[in-house]
> 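There's a structure below that I have some questions on.
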Amino acid sequence: MNHSEVLREKIAARQATCAVVGLGYVGLPLAVELAEAGFKVLGFDVSEEKVAQLMAGVSYIQDVPTERMAPLVEKGMLSAFSDFENIAQADTINIAVPTPLGKTRDPDISYIVSAAEQIARYMSPGTLVILESTTYPGTTDEVILPLLEEGGRRIGEDFFLAFSPERVDPGNPTYNTKNIPKVVGGITPNCTEIAAALYGSALENVVPVSSSRVAETVKLLENTFRAVNIGLVNEIALICSRMNINVWEVIDAAATKPFGFMPFYPGPGLGGHCIPIDPFYLSWKARLHGFEARFIELAGEINGHMPDHVVDRCSEALNSQRKSINGSKVLVLGIAYKNNIDDYRESPALDIIKLLQAKGADVCFHDNWIPGEIPEIIEVPRCGLDASALEQVDLGVVVTAHDDVDYSNLLKILPLIVDTRNAYKGIESPKIFSL
Ligand code: SAJ
């Protein structure tokens with residue numbers, strides 16, 4: 001039997017050993033799904049802390065309960081390593097490492113390359129490698145494939161390679177790794193089929209496509225779609241603000257249209273590690289092909305401008321009481337990049353705080369979802385929400401509207417509020433300045 005047949009049989013019989021490189025919010029849930037499907041799973045992460053926590057049976061990912069993971073570790077179905085030698089035991093390897101933007105906002109695929117180099121060094125013949133990290137079209141076939149072909153390995157015979165976009169939405173109560181349809185595209189049809197067989201053995205719905213480039217582009221379309229539509233609705237909000245029209249009411253009424261419309265909502269800017277970043281992977285690659293992706297760049301400009309607009313609204317609100325930002329005490333409500341999560345990566349709240357400080361404001365913040373110190377704003381104090389703590393506050397700005405805050409009580413206590421999230425939906429007050 002050739003490697004392809006051997007691997008298909010191992011997958012069908014759940015005899016394959018599956019490796020997952022990168023045990024974050026994408027890799028750990030996938031590792032648990034594969035282990036629960038009956039595969040022996042080896043996790044790999046550069047973080048010794050993550051490896052130690054997993055081996056102790058303690059989950060550090062919100063969407064993976066410890067009580068679900070611990071038994072898998074105890075039974076030896078799931079284990080973790082920080083060195084790569086053991087990857088030689090794997091029949092399949094999923095790569096789920098970060099793909100940030102570099103300092104010059106160019107794609108930084110160094111984590112992917114580093115993982116691929118380690119895999120090329122240790123992987124055994126007949127191994128299936130699947131890249132899941134969001135990246136520009138062409139990464140799998142232009143960058144990963146040559147690395148794995150080193151030493152004369154033949155694609156589709158000595159090893160198999162595919163791309164499958166991660167669609168994990170942390171904290172989503174409805175959709176999870178198991179039930180979100182899984183798009184997958186290989187370098188060769190054989191690669192696609194084997195990768196689809198692996199996912200089909202652990203996940204509910206697999207969507208094979210004709211190539212790794214199609215699969216890479218699917219993800220970028222999904223998230224560029226969001227970024228551009230958020231940019232559009234932010235621009236509509238800026239227009240409505242000048243015309244004194246409540247943009248939230250406009251959107252809610254437009255959303256009654258049962259077809260041909262999908263509501264997006266204006267906000268203080270774009271946070272998270274997907275939406276503000278993924279579109280620039282596509283526009284960067286398009287530029288290499290001589291094409292300027294204007295929608296992506298324009299949406300980036302509009303979304304990137306929203307923190308400045310929020311600070312302008314703070315200035316207008318304070319001016320209405322003959323105050324200025326300079327010298328005022330401003331409370332920033334919500335640091336996380338969206339409601340009811342504990343992640344503040346790329347959060348516009350950080351930009352808003354810096355802009356307020358640059359204009360002379362004395363800033364404090366409140367966010368129970370993010371305990372402890374926040375290095376990026378280490379000098380900014382936390383503020384309680386009781387009357388005594390708020391006594392000196394001149395203005396509160398709702399940047400992320402977590403559910404655990406009593407906004408009506410805040411309205412009684414604070415002299416002014418800038419509401420960037422429609423937290424005061426349907427409530428009229430001269431104290432409230434909307435986005
Ligand atoms: N945002 C708006 N207006 C909106 C929607 C979002 O301003 O109408 C802002 C959010 O406040 C946040 C940023 O955009 O700062 C991103 O929000 P998001 O809802 O897109 O959430 P993310 O970043 O967690 O995006 C993830 C993505 N998942 C993956 O990439 C696997 C995205 O594809 C999902 O569609 C999204 O979750 C989701 O639907 O929740």
Side-chain angles (χ1 to χ4, degrees), residues 22 24-27 29-30 61-63 96 98-101 132-135 163-183 203 215-238 247-248 250-252 254-255 261-282 299-300 302-307 309-310 333-352 367 369-370 398-403 419-423 434-435:
Y25 78 91
V26 174
L30 176 64
I61 293 289
Q62 178 184 351
D63 294 342
T99 45
L101 286 177
E132 295 214 359
S133 308
T134 303
T135 186
F163 181 86
S164 176
E166 60 88 0
R167 285 173 155 177
V168 175
D169 180 26
N172 191 315
T174 309
Y175 298 110
N176 53 55
T177 298
K178 191 171 183 65
N179 65 17
I180 295 171
K182 197 81 170 101
V183 170
L203 310 180
E216 288 160 338
T217 310
V218 162
K219 170 72 178 186
L220 296 178
L221 171 59
E222 288 168 5
N223 283 0
T224 300
F225 165 76
R226 289 184 71 74
V228 168
N229 277 286
I230 294 165
L232 168 65
V233 82
N234 279 332
E235 182 164 84
I236 299 289
L238 296 174
V247 69
W248 309 92
V250 169
I251 295 164
D252 286 346
F261 181 78
M262 178 179 177
F264 286 85
Y265 300 92
L270 273 197
H273 38 282
C274 304
I275 308 306
I277 290 168
D278 298 352
F280 294 101
Y281 268 70
L282 183 58
I302 293 171
N303 292 326
H305 167 80
M306 293 313 285
H309 173 69
V310 171
L333 287 151
I335 302 295
Y337 76 79
K338 67 179 184 179
N339 300 0
N340 307 325
I341 65 166
D342 61 358
D343 190 342
Y344 67 90
R345 281 175 285 187
E346 306 278 330
S347 174
L350 303 179
D351 301 319
I352 289 167
D367 191 326
W369 279 84
I370 303 175
V398 181
V399 178
T400 298
H402 290 313
D403 292 342
D419 179 10
T420 76
R421 294 291 195 176
N422 205 27
S434 178
L435 194 65

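Both counts, for ligands and for their atoms, begin at 1 and track the order of listing.
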> Scan side-chain atoms only and decide if K338 and T400 contain a donor-acceptor pair under the 3.5 Å cut-off.
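No, no side-chain donor-acceptor contact under 3.5 Å.
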> Counting from 1, what ligand 1 atoms have a heavy atom of L270 closer than 4.0 Å?
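So the answer, numbered in order with elements, is 9 (C), 13 (C), 14 (O), 15 (O).
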> Side chain or backbone of V168 under 4.0 Å from ligand 1, or both, or neither, by non-hydrogen atoms?
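Contact part for V168 vs ligand 1: backbone (N, CA, C, O).
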> Does K219 have a non-hydrogen atom less than 4.0 Å from ligand 1?
yes
> Distance check, rounded to the nearest 0.5 Å: E216 atom CD versus T135 atom OG1?
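These two atoms lie 6.5 Å from each other.
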> Please indicate whether any nitrogen or oxygen in G271 is less than 3.5 Å from any nitrogen or oxygen in ligand 1.
yes
> Side chain, backbone, both or neither: which part of E346 has a heavy atom under 4.0 Å from ligand 1?
neither
> So, regarding E166 and ligand 1 (criterion: nitrogen or oxygen to nitrogen or oxygen, under 3.5 Å), is there a contact or not?
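No, E166 has no N/O under 3.5 Å of an N/O on ligand 1.
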> Are K338 and ligand 1 in contact, using a heavy-atom cut-off of under 4.0 Å?
yes
> Show me which atoms of ligand 1 lie under 4.0 Å from any heavy atom of F264.
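This gives 8 (O) as the contact atoms.
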> Output the distance between atom SG (C274) and atom CZ (R167), rounded to the nearest 0.5 Å.
13.0 Å
> Are a donor atom and an acceptor atom from the side chains of Y25 and Q62 found within less than 3.5 Å of each other?
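The answer is no; no qualifying pair exists.
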> So, K182 and E166, do they make that salt bridge, N to O below 4.0 Å?
no
> Which of these, D367, I352, V399, sits in a side chain to side chain contact (heavy atoms under 4.5 Å, CB included) with I335?
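Option passing the side chain to side chain contact (heavy atoms under 4.5 Å, CB included) with I335: D367.
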> Return a yes/no value for Y265: is any of its N or O atoms, backbone included, closer than 3.5 angstrom to an N or O of ligand 1?
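Looking only at distances, the answer is yes, because the N/O contact criterion of under 3.5 Å is met.
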> Give the numbers and elements of all ligand 1 atoms closer than 4.0 Å to a heavy atom of R167.
31 (C)
> Would N234 and N303 count as a side-chain hydrogen bond (donor to acceptor under 3.5 Å, both in side chains) if you check the C-alpha gap in whole Å, the side-chain angles of each, and the deciding distance to 0.1 Å?
CA-CA 7 Å; N234 279 332; N303 292 326; 2.8 Å; yes
> In this structure, does ligand 1 have an atom that sits under 4.0 Å from one of the heavy atoms of M306?
no
> Going by the atom numbers of ligand 1, which of them fall below 4.0 Å from some non-hydrogen atom of N223?
30 (O), 32 (C), 33 (O)
> I need the nearest protein heavy-atom contact for atom 25 (O) of ligand 1: residue, atom name and distance, please.
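For atom 25 (O) of ligand 1, the nearest protein heavy atom comes out as I275 CG1, 3.8 Å.
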> When only distance counts, is Y337 in polar contact with ligand 1, meaning an N/O pair under 3.5 Å?
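In this structure, Y337 places an N or O atom under 3.5 Å from an N or O of ligand 1.
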